[in-house]
2 protein chains.
Amino acid sequence: MSRSVIKILLVDDEPDVIEFMSYNLKKEGYSIFSASNGKDGIELAKKINPDLIVLDVMMPEMDGMATCRALRSLEQFKSTLIIFLTARDEEYSQISGFDAGADDYVTKPVKPRIFLSRLQALLRRSDTSKKQLNVKIGDIEIDPEKYLVYKGTETIELPKKEFLLLQLLMSKPGRVFNREEIMSRVWGNESIVGDRTIDVHIRKLREKLGDEIIKTMKGVGYKFD
Amino acid sequence: MSRSVIKILLVDDEPDVIEFMSYNLKKEGYSIFSASNGKDGIELAKKINPDLIVLDVMMPEMDGMATCRALRSLEQFKSTLIIFLTARDEEYSQISGFDAGADDYVTKPVKPRIFLSRLQALLRRSDTSKKQLNVKIGDIEIDPEKYLVYKGTETIELPKKEFLLLQLLMSKPGRVFNREEIMSRVWGNESIVGDRTIDVHIRKLREKLGDEIIKTMKGVGYKFD
DNA sequence: TTAATACTTAACAATAAGTTAACATTGGCT
DNA sequence: AGCCAATGTTAACTTATTGTTAAGTATTAA
């Protein structure tokens, strides 16, 4: 679902904050809409269907959390990204925020650079998570979002490298990946690691998932089977 | 698909990066094009049809992953090589990169030597893998990606040398390959092995696939039939 | 900080793949 | 036909590649 322009809705009762953030986000090419209270925010959201909503927690009448809950109760916004803006010393905001269904929160005063990177990270993550269908082959299933592997009924947590390796092999089941390829796609270019490193990781995967699932093609590579 | 000049499209919002990489790649004889954002990148790609596209992940508006997905959704770029540029600490870049359909990724800051070697590895790999289509003759079919041979309904796994030998003979069915040719294409020019070695491998293939499929032309060579 | 976990390495073991040597068989040749 | 160089066959041998373990580093969490 790649869209040309990402729509962001800002909901805050302070016009200064709206203006400041609006300016900074527009500069980055986002399309910005705004509302000064929760009720208007929800109405506007229904019309424009934003990709992301930024909610100030402290607002008169209907605060950010109530607004968030109201939005989440609507089918349309079940998976829309929501970021909370909170004052630094609102101690419970984190917990309650996530509880109310926020995806992230940022403390005021907002620093544009930081806010942008959080926002982009969130968009990137969600963008992929929408497309990241879990891959299931046989009784093994991987969930890239949660970094988890399911084997039958049991759930297995894998360290990063092991997960990446498994994910690579499962991305094209049956196809043989040679060492060079594995090296490049799991380890990347920054690290030059020895040959045995791959074997050790393969071994650990076999230990956790069963010996049969990864087959060695001697002199050629490994494949998931 | 042999082309005289390899075209590379660079998409990055930082002019410095473009210039730096452009300089280094041009020096190696590649033909370089560039765009400063995803949208322009896609438009340019459509026009020039590059062999390889380098995408910065962190870009305003339409980031590398969104661009990659957009490209992959077009028939024209289904198999074009794509390399991601990511900051070292972008934690999700690896996983999401696979998911978005990248062929490789390289971390910033880019070191020319390393970047070049990966790029060349990728070009080399794709060049051969594109040529390696499944070949089916009679009831025998070979799948180079999976390193498997199918005979009727049964699946046969072959060791590397046997597979290469079969692949060679099947690449031009009916044509006779003499020993010298077989030697150089399966064993390479470095290794000097005795004469009986070829026979032994031929024998093993016959054992596994049936006596009739490889015919001996005494004093001339072997052919697949 | 310490503790825990993840990752890498090195040394050695195990094994499949590849090679060779010795001998058998074949088929084109005079 | 019968010779004989080329190829077939077998099993033992050699080697390259991968498996395994444990210990050393690095990274992350507490």
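Lettering of chains follows the sequences in order, A, B, ..., and the numbering in each one begins at 1. In this text the structure is predicted, and so the values were computed from the model without any measurement.
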Could you state the [atom1]-[atom2] distance from [X] to [N], rounded to the nearest angstrom?
X        : N      : atom1 : atom2 : answer
B:Ile202 : D:dA6  : CD1   : C1'   : 14 Å
B:Tyr147 : D:dT17 : OH    : P     : 13 Å
B:Asp195 : C:dA22 : CG    : P     : 16 Å
B:Lys204 : D:dT10 : NZ    : P     : 12 Å
A:Met183 : D:dT18 : CE    : P     : 14 Å
B:Ile182 : C:dG18 : CD1   : P     : 15 Å
A:Ile198 : C:dA6  : CD1   : P     : 20 Å
B:Leu165 : C:dT19 : CG    : P     : 11 Å

Less than 3.5 Å apart, which donor and acceptor atoms pair up between the side chains of residues 164-175 of chain B and the rest of the protein, not counting sequence neighbours?
from	atom 1	to	atom 2	distance (Å)
B:Ser171	OG	B:Leu168	O	2.6
B:Arg175	NH2	B:Glu181	OE1	3.0
B:Arg175	NH2	B:Glu181	OE2	2.3

Between [X] and [N], is there a side-chain N or O to OP1/OP2 distance below 4.0 Å?
X        : N      : answer
A:Tyr222 : D:dT17 : no
B:Thr216 : D:dA6  : no
A:Trp187 : C:dC7  : no
B:Thr197 : C:dT20 : yes

Exercise. Go through the structure and list residues passing side chain to side chain contact (heavy atoms under 4.5 Å, CB included) with B:Met21, not counting sequence neighbours.
Key: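 B:Met21: side chain to side chain contact (heavy atoms under 4.5 Å, CB included) contacts with B:Leu10, B:Val17, B:Val54, B:Leu85, B:Val110, B:Phe115.
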Quiz prompt | Those residues that, when tested against B:Lys78, pass side chain to side chain contact (heavy atoms under 4.5 Å, CB included) (two or more places apart) | solution =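 Listed in chain order: B:Glu75.
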Exercise. Hey, could you give me each pair passing ring-ring contact (aromatic ring centres under 6.0 Å, His included) that has a residue in residues 197-218 of chain A? Not counting sequence neighbours.
Key: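 Matches after skipping sequence neighbours: A:Trp187-A:His201.
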Quiz item: So which pairs with a foot in residues 146-178 of chain B pass ring-ring contact (aromatic ring centres under 6.0 Å, His included), sequence neighbours left out?
Solution: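 Residue pairs with at least one partner in residues 146-178 of chain B: B:Tyr147-B:Phe163.
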Quiz item: By salt bridge (charged side-chain N to carboxylate O under 4.0 Å, His left out), which residues pair with A:Glu207, not counting sequence neighbours?
Solution: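 Partners of A:Glu207 under the salt bridge (charged side-chain N to carboxylate O under 4.0 Å, His left out) test: A:Arg203.
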Practice problem: Check salt bridge (charged side-chain N to carboxylate O under 4.0 Å, His left out) between B:Glu19 and all other residues, then give those that pass, not counting sequence neighbours. | Solution: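 Partners of B:Glu19 by the salt bridge (charged side-chain N to carboxylate O under 4.0 Å, His left out) criterion come out as none, since no residue qualifies.
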Measure the [atom1]-[atom2] distance between [X] and [Y] for me, rounded to the nearest 0.5 Å.
X        : Y        : atom1 : atom2 : answer
B:Asn134 : B:Asp143 : CG    : CG    : 4.0 Å
B:Asp103 : B:Leu52  : CG    : CG    : 8.0 Å
A:Leu55  : A:Asp12  : CG    : CG    : 9.5 Å

Could I get a table of every N or O pair under 3.5 Å where one atom is in the protein and the other is in nucleotides 1-5 of chain D?
none

Quiz item: Do NZ/NE/NH1/NH2 and the carboxylate oxygens of A:Glu141 and A:Lys151 come within less than 4.0 Å?
Solution: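 Salt bridge: no.
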Practice problem: Answer yes when B:Asp104 and B:Arg118 have at least one side-chain N-carboxylate O distance shorter than 4.0 Å, and no when they do not. | Solution: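 Here B:Asp104 pairs with B:Arg118 in a salt bridge, since their nearest N and O are under 4.0 Å apart.
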Quiz prompt | Positions of residues 155-164 of chain B (non-hydrogen atom under 4.0 Å from DNA chain C), listed by number | solution =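 Those residues whose heavy atoms fall under 4.0 Å from DNA chain C, taken from residues 155-164 of chain B in numerical order, are B:Pro159, B:Lys160, B:Lys161.
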Exercise. Would you mind reading off the bend of the helix from C:dT1-D:dA30 to C:dT30-D:dA1 from its two end axes, five pairs each, to 10 degrees?
Key: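 For the helix from C:dT1-D:dA30 to C:dT30-D:dA1, the axes at opposite ends meet at about 30°.
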Quiz item: Could you write nucleotides 20-30 of chain D as a row of B, S and -, 5' to 3', where a protein heavy atom under 4.0 Å of any base atom gives B, of only sugar-phosphate atoms gives S, and otherwise -?
Solution: BB---------
Self-check item: Exam field: side chain A:Asp51 to backbone A:Lys7, donor-acceptor pair closer than 3.5 Å
Solution: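 Side chain of A:Asp51 to backbone of A:Lys7, a donor-acceptor pair under 3.5 Å: yes, one is there.
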Identify every side-chain donor-acceptor pair in residues 212-225 of chain A under 3.5 Å, counting partners at least two apart or on other chains, and give the distances.
from	atom 1	to	atom 2	distance (Å)
A:Lys215	NZ	B:Glu157	OE1	2.1
A:Lys215	NZ	B:Glu157	OE2	2.9
A:Thr216	OG1	A:Arg206	NH2	2.8
A:Tyr222	OH	A:Arg179	NH2	3.2
A:Tyr222	OH	A:Asp199	OD1	3.2

